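Here's the structure, in structure tokens; my notes come after.
We number each residue from 1, following the sequence as shown. The model shown is predicted, which means the values in this text are computed figures rather than measured ones.
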Amino acid sequence: MTTRKSETGEARWDGRKVGRDSRRDAILSSVGSVLSNGRLSSLTMQDIAAELGITKGNLYYYFTDKQDIIYQCHMRAMEASMLALARAQQSAERPGPRLRQLLSEHVSGILKDGLGSVLLTDLESLHPDQRKSYVALRDTFERGVRAIIEEGVAAGDFHCSDTRLAGFVLLGAINWIPKWFRPEGALSADSIAQGVSELLMGTLCCPPGARPAAQPAPGADAAAPQKSVPKRAARKVAARKTPARRTTAAKT
């Protein structure tokens with residue numbers, strides 16, 4: 001892909017003829033680079049073509065409408081995450097290193113080519129069949145992450161009472177990164193990916209010798225052994241609980 005600079009200094013695709021898939025990828029990369037979520041919601045295909053420096057007809061050749069562009073951006077990022085999940089599932093490492101690497105690659109996939117800003121768009125803006133396809137892939141990814149967390153709990157590497165909730169928290173925190181990440185900021189995308197994965201792993205990992213004590217099962221208090229009571233004290237307690245017998249005068 002070749003690019004040129006716009007008047008604002010942003011990289012744009014130069015429209016040079018290459019393979020269909022390559023041109024589609026070039027457009028998607030440019031969409032992520034030059035459009036922000038706030039502007040995307042109000043832009044038309046003509047506006048997007050102008051932002052990219054190509055004709056509207058050229059844009060329509062590769063995408064049916066704006067929703068199709070948004071969908072393809074979502075799928076491109078998710079495909080990168082699914083490849084990362086496949087590598088984690090095939091790895092012989094312990095659950096901790098596997099999950100750390102998976103989360104790092106997942107963050108990188110979201111931030112790559114500026115796709116993050118597009119990913120913040122509401123899924124309701126997609127066509128129903130597109131939304132169904134994306135959600136199915138996203139749910140598969142979530143289940144894969146949860147399965148690794150469950151492996152870590154079973155191996156004693158993680159402490160987590162609710163693996164489903166843990167998965168939602170980890171991925172939810174990552175999904176919000178595009179909201180505050182700035183490519184021109186002090187931290188690069190790679191630095192963010194590594195730092196965030198380390199922080200999130202800290203919520204699951206158990207340091208050596210610091211594994212939380214097992215909690216008593218519900219109702220365990222009722223079955224707990226009673227403290228021994230001195231015999232004299234026991235007799236006093238029994239005497240207080242036993243009602244006094246009534247005495248009646250003998251009839252004469």
Side-chain angles (χ1 to χ4, degrees), residues 1 21 25 28-29 32-33 37 71-121 123 133-212:
M1 181 186 75
D21 291 341
D25 288 342
L28 292 176
S29 295
S33 299
N37 177 51
Y71 168 70
Q72 296 297 337
C73 286
H74 276 84
M75 293 300 288
R76 185 176 182 182
M78 182 52 67
E79 286 168 2
S81 296
M82 290 299 294
L83 287 175
L85 175 61
R87 285 190 290 270
Q89 291 171 333
Q90 296 167 5
S91 173
E93 294 275 0
R94 290 187 68 84
R98 289 163 53 205
L99 182 59
R100 181 183 294 105
Q101 184 63 28
L102 172 57
L103 295 180
S104 179
E105 292 183 17
H106 179 48
V107 174
S108 295
I110 289 178
L111 301 182
K112 181 181 179 182
D113 295 330
L115 290 177
S117 59
V118 181
L119 298 181
L120 289 172
T121 55
L123 291 179
S133 297
Y134 173 76
V135 169
L137 202 59
R138 182 200 63 188
D139 290 350
T140 299
F141 180 75
E142 290 179 350
R143 287 193 295 269
V145 171
R146 193 183 312 149
I148 298 178
I149 296 175
E150 291 171 351
E151 288 181 41
V153 172
D157 294 346
F158 302 155
H159 171 66
C160 175
S161 59
D162 190 331
T163 56
R164 186 168 182 266
L165 178 60
F168 286 150
V169 170
L170 296 183
L171 297 179
I174 290 175
N175 290 341
W176 195 249
I177 293 176
K179 189 69 175 180
W180 52 261
F181 173 70
R182 296 293 179 269
E184 68 278 5
L187 295 176
S188 66
D190 289 340
S191 298
I192 294 293
Q194 182 177 355
V196 168
S197 62
E198 291 291 340
L199 286 172
L200 294 178
M201 290 300 299
T203 66
L204 291 173
C205 291
C206 295
R211 186 177 302 173

Identify each donor-acceptor pair in which a side-chain atom of residues 135-143 lies under 3.5 Å from a protein atom, sequence neighbours left out, and give them as a table.
residue : atom : partner : partner atom : Å
T140    : OG1  : A136    : O            : 3.0
T140    : OG1  : R143    : NH2          : 3.3

- Minimum heavy-atom distance between A166 and L204, given as atom pair plus value: CB-CD2, 4.2 Å
- Query: Ignoring hydrogens and geometry, is there a side-chain-to-backbone donor-acceptor pair from R98 to A88 under 3.5 Å?
  - Reply: yes
- Note on the structure: For G109 and A77 the tightest heavy-atom approach is O-CB, 3.9 Å
- Message: Measuring from atom CH2 of W176 to atom CG of L171, what distance do you get when rounded to the nearest 0.5 angstrom?
- Response: 15.5 Å
- Task: Starting at CG of L99, measure out to CZ of R94 and round the result to the nearest 0.5 Å.
- Result: 13.5 Å
- Query: Going from CZ on R182 to CG on L187, what distance comes out if it is rounded to the nearest 0.5 angstrom?
  - Reply: 13.0 Å
- Spatial distance of atom CZ (R164) from atom CD (E150) [nearest 0.5 Å]: 11.5 Å
- Looking at P95 and D157, what are the two nearest heavy atoms and their distance? CD-OD2, 3.5 Å
- Query: With side chains defined as the heavy atoms from C-beta onward, is the minimum distance between V169 and T203 less than 4.5 Å?
  - Reply: no
- Could I get the full list of ring-ring contact (aromatic ring centres under 6.0 Å, His included) partners for F181, not counting sequence neighbours? none
Got a list of side-chain donor-acceptor pairs under 3.5 Å for residues 101-108, not counting sequence neighbours?
residue : atom : partner : partner atom : Å
Q101    : NE2  : E105    : OE2          : 2.8
E105    : OE1  : R87     : NE           : 3.3
E105    : OE1  : R87     : NH2          : 2.6
H106    : ND1  : S81     : OG           : 2.6
S108    : OG   : S104    : O            : 3.1

- Passes side-chain contact (heavy atoms from CB on, under 4.5 Å), F158 versus M201? Steps please. CA-CA 9 Å; F158 302 155; M201 290 300 299; 3.8 Å; yes
- Task: Please round to the nearest 0.5 Å and tell me the distance separating atom CG of N175 and atom CD1 of I110.
- Result: 5.0 Å
- Item | Distance in Å, Q72 CD paired with M75 CE, rounded so as to fall on 0.5 Å steps | 7.5 Å
